[in-house]
Amino acid sequence: MKDSTRFFTIGLVTAWYSSNIGVLLLNKYLLSNYGFKYPIFLTMCHMTACSLFSYVAIAWLKVVPMQSIRSSVQFLKISALSLIFCVSVVFGNVSLRYLAVSFNQAVGATTPFFTAVFAYLMTFKKEAWLTYLTLLPVVTGVVIASGGEPSFHLFGFIICIAATAARALKSVLQGILLSSEGEKLNSMNLLLYMAPMAVVFLLPATLIMEENVIGITVALARDDVKIIWYLLFNSALAYFVNLTNFLVTKHTSALTLQVLGNAKGAVAVVVSILIFRNPVSVTGMMGYSLTVFGVVLYSEAKKRSK
């Protein structure tokens, strides 16, 4: 029984890693290498898939019990979270057009820094001085990595910072807005409601900012039908990132999840360099290593302060 449980957990973690790294690399390939320059439409495809798969998983397959929205106030809170979620995902995808995956991951690793800043500004929550001290290598590492990045792009860097900040803001706001017992939703149910709202936000944005994107995609499909399969597979992966994240959280400890999460970014960096052959410098890798080291220290400091 223990062996089967161990194999199940290993399978879950493998699926989590594969879906996370897979969607990241496929996003990079589509938006940069393939030349599909429509990040808002791509994000809308992701959210559409998340809407459909979430409904099937919860309403039909009963993966988790369905939780209902209980009030118009709760609906507005989830809508606000969905809008910030949209911004973080779209900006993250836009940054992949301009930055190497390795540098994108280095910037994304600074999420704890922005989380600590927003938590202090919005809730006046103070951490132990040691916790704040661990954020120094997180930020310093990105500064060093920026200076040593051969394919540094200022606009891409700014957008990636904005995506990372938005991701942290959503995390802090979620803790504030859905803090009461009656309003708490597990991550699967939250996605069930946020994803359709995201589609509503993204549809007018893609029609206005990415004019005739559907017509262009159809024209691309006539020349190369693989684009349709890329989009379908990528969108399905985007859902499985959320599903496997929920299942790994459920079947492992918080400490295991922290360790796996810290290692995941490093694995994504190595795999992306092997696939895309993007140039990397010793300075850049030292900067990224320092950031990851800072994140590990931050996680440990947070754990000890509880």
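We use all heavy atoms of the structure for the numbers below, so side chains are in, but hydrogens, waters and symmetry mates are not.
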With sequence neighbours excluded, what pairs up with Lys250 under the salt bridge (Lys or Arg N to Asp or Glu O under 4.0 Å) test? none

Could you note down all residue pairs passing side-chain hydrogen bond (donor to acceptor under 3.5 Å, both in side chains) where residues 46-64 supplies at least one of them, sequence neighbours left out? His46-Asn234

Using the side-chain hydrogen bond (donor to acceptor under 3.5 Å, both in side chains) rule, collect all pairs that involve residues 68-95, keeping only residues at least two apart or in two chains. Asn27-Asn93, Thr43-Asn93, Lys77-Glu183, Ser95-Asn104

Which pairs count as salt bridge (charged side-chain N to carboxylate O under 4.0 Å, His left out) when at least one residue sits in residues 99-126, sequence neighbours excluded? Lys125-Glu127

Output a table of donor-acceptor pairs, distance under 3.5 Å, between side-chain atoms of residues 195-211 and any protein atom two or more places apart or on a different chain; print 'none' if there are none.
{"from": "Thr206", "atom 1": "OG1", "to": "Glu210", "atom 2": "OE1", "distance (Å)": "2.8"}
{"from": "Glu210", "atom 1": "OE1", "to": "Phe41", "atom 2": "N", "distance (Å)": "2.9"}
{"from": "Glu210", "atom 1": "OE2", "to": "Ile40", "atom 2": "N", "distance (Å)": "3.0"}

Throw together a table of side-chain donor-acceptor distances under 3.5 angstrom for residues 141-156, partners on residues two or more places apart or in other chains.
{"from": "Ser146", "atom 1": "OG", "to": "Val142", "atom 2": "O", "distance (Å)": "2.7"}
{"from": "Glu149", "atom 1": "OE2", "to": "Ser151", "atom 2": "N", "distance (Å)": "3.4"}
{"from": "Glu149", "atom 1": "OE2", "to": "Ser151", "atom 2": "OG", "distance (Å)": "2.7"}
{"from": "His153", "atom 1": "ND1", "to": "Phe155", "atom 2": "N", "distance (Å)": "3.4"}
{"from": "His153", "atom 1": "ND1", "to": "Gly156", "atom 2": "N", "distance (Å)": "3.2"}

Would you list the atom pairs, donor with acceptor, under 3.5 Å between side chains in residues 108-121 and any protein atom, with sequence neighbours excluded?
{"from": "Thr110", "atom 1": "OG1", "to": "Val107", "atom 2": "O", "distance (Å)": "2.6"}
{"from": "Thr111", "atom 1": "OG1", "to": "Gly108", "atom 2": "O", "distance (Å)": "2.7"}
{"from": "Thr115", "atom 1": "OG1", "to": "Thr111", "atom 2": "O", "distance (Å)": "2.9"}

side-chain contact (heavy atoms from CB on, under 4.5 Å) partners for Leu25, two or more places apart: Ile21, Val101, Val271, Ser272, Ile275, Phe276

All salt bridge (Lys or Arg N to Asp or Glu O under 4.0 Å) counterparts of Lys226, not counting sequence neighbours: Asp224

Listed partners of Ile227 passing side-chain contact (heavy atoms from CB on, under 4.5 Å), at least two apart: Leu30, Tyr34, Phe36, Leu220, Ala221, Leu231

Acceptor/donor pairs from residues 160-172 side chains to any protein atom, 3.5 angstrom cut, sequence neighbours excluded:
{"from": "Thr164", "atom 1": "OG1", "to": "Cys160", "atom 2": "O", "distance (Å)": "2.8"}
{"from": "Lys170", "atom 1": "NZ", "to": "Gln174", "atom 2": "OE1", "distance (Å)": "2.9"}

If the condition is ring pair (Phe, Tyr, Trp, His ring centres under 6.0 Å), which residues does Tyr132 pass it with, not counting sequence neighbours? none

